[in-house]
Amino acid sequence: MTDTTTTDVPDEFAGYDDLPAVPLTSADHGPTVPRFDGDVSELPDRACWALQNLLTRRHISGERQPQLWSWVAEFADVLRVRLSELDLRLRIVDELQIAFVEQVGYDSRWGKRLLKRETINTYDAILALHLAKYMRASHEENVLVTREDIHEMFAGVTNTIDRDLAAFDKRIDRAVDKMEEMEFLRAQRDDPDTFVLSPVITAVMTASVITDLQRQFEQFISSGADADTAEGDAAEGDTTDIDTTGARTTDTDGAGDLPQDRLNTTQGAHW
């Protein structure tokens, strides 16, 4: 007679919690093979390349540079240490897959600024402010804005700051070009007057930065009457200095030497 007795087997294995955890990132942060003759780096080549790109790009995007983003995410802890040695801070916005480096300021006679301090025009700062608010107000994944929309954002400064509408429009278009350079805007291939707002602007333009720029923008608008009565070029003030998103290493301190539109001063915006 055949024994048909069977052993009860549970439908689902219940011991998952007792299994050893598997690290999500590589545990070996040591170098693999030298990248060049005389390479004495303690980091693997991927970490070195991630560090180099963090120091030479405004930012790293998981959407635009997926390979670099994966290396930054993998070696984030060791990269933070290396950057801290240079008085730099690594900022990672995981939900947007954006990483960039910012200068840390503290009192030291020996400290040296490594990030380029970039001067942007007042209209650039105004446009960045409005684009950030526009992005935050939208609930769409891909936010589109047209050049006409952008010109309408400046309706509050027309006729009080610039009475020459042609020159006024040119300043706005130059601000658009600057936002493209900073990768806040990306022009559509089939329509160069339609732009996609980059998530970079949300990562960089924090709530505190928006609040500060909003205050300066209101001061800028309220100074319009004075601009009309001032004399010649003296009626048009300075530019705004900001810390470049990401870094371009430079041997000089202070503001960059970008061309300046002479407009009323909006000072002290940093991101």
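Keep in mind the model is a prediction, meaning the values are calculated, not measured.
The pair D77-R80 meets the salt-bridge criterion, since a charged nitrogen lies less than 4.0 angstrom from a carboxylate oxygen.
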Just do the side chain to side chain donor-acceptor pair (under 3.5 Å) check on T211 and Q214 with the steps written out, would you? CA-CA 5 Å; T211 299; Q214 179 65 38; over 6 Å; no

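Closest non-hydrogen pair, A187 versus F195, comes out as CA-CD2, 3.6 Å. Summarising the geometry of L54 relative to L83, their closest heavy-atom pair is CD1-CD1, 4.3 Å, with the distance given to 0.1 Å.
At least one side-chain heavy atom of Y134 sits less than 4.5 Å from a side-chain heavy atom of L197. Annotation: side chain of R82 is in contact with side chain of L43 (closest heavy-atom distance under 4.5 Å). Residues L88 and E102 fail the side-chain proximity criterion, which asks for heavy atoms closer than 4.5 Å. Taking 4.5 Å as the limit, some side-chain heavy atom of D173 sits within range of a side-chain heavy atom of H151. Looking at E63 and Q97, their side chains never come closer than 4.5 Å, going by heavy atoms from C-beta outward. Using a 4.5 Å heavy-atom threshold, the side chains of R91 and V101 count as separate. Residues M179 and I201 have side chains not in contact (no heavy-atom distance under 4.5 Å, counting atoms from C-beta outward).
Side chain of S70 to main chain of Q67: a donor-acceptor pair is present (N/O by atom type, distance under 3.5 Å, no hydrogens or angles). D149 places a side-chain N or O within 3.5 Å of a backbone atom of T146 that can act as its donor or acceptor partner. Between the side chain of E183 and the backbone N or O of S198 there is no donor-acceptor pair closer than 3.5 Å. In this structure, Q65 contributes its side chain and I60 its backbone to no donor-acceptor pair below 3.5 Å. Without hydrogens or angle criteria, R58 side chain to E181 main chain gives a donor-acceptor distance under 3.5 Å.
L127 contributes atom CG, which lies 6.5 Å from atom CG of L185 (distance to the nearest 0.5 angstrom). The distance from the OG1 atom of T194 to the CZ atom of R186 is 14.0 Å, given to the nearest 0.5 Å. Between L55 atom CG and L115 atom CG the span is 8.0 Å, to the nearest 0.5 Å.
You'll find the ring centres of Y123 and F154 inside the 6.0 Å limit.
Take W69 and apply the ring-ring contact (aromatic ring centres under 6.0 Å, His included) test, not counting sequence neighbours, and it matches no residue.
Pairs of residues two or more places apart, or lying in two chains, that qualify as salt bridge (charged side-chain N to carboxylate O under 4.0 Å, His left out) and include a residue from residues 189-199 are R147-D193.
Within the hydrophobic cluster formed by Ile, Leu, Val, Met, Phe, Trp and Tyr side chains joined at under 4.5 Å, directly or through other members, V196 is accompanied by L144.
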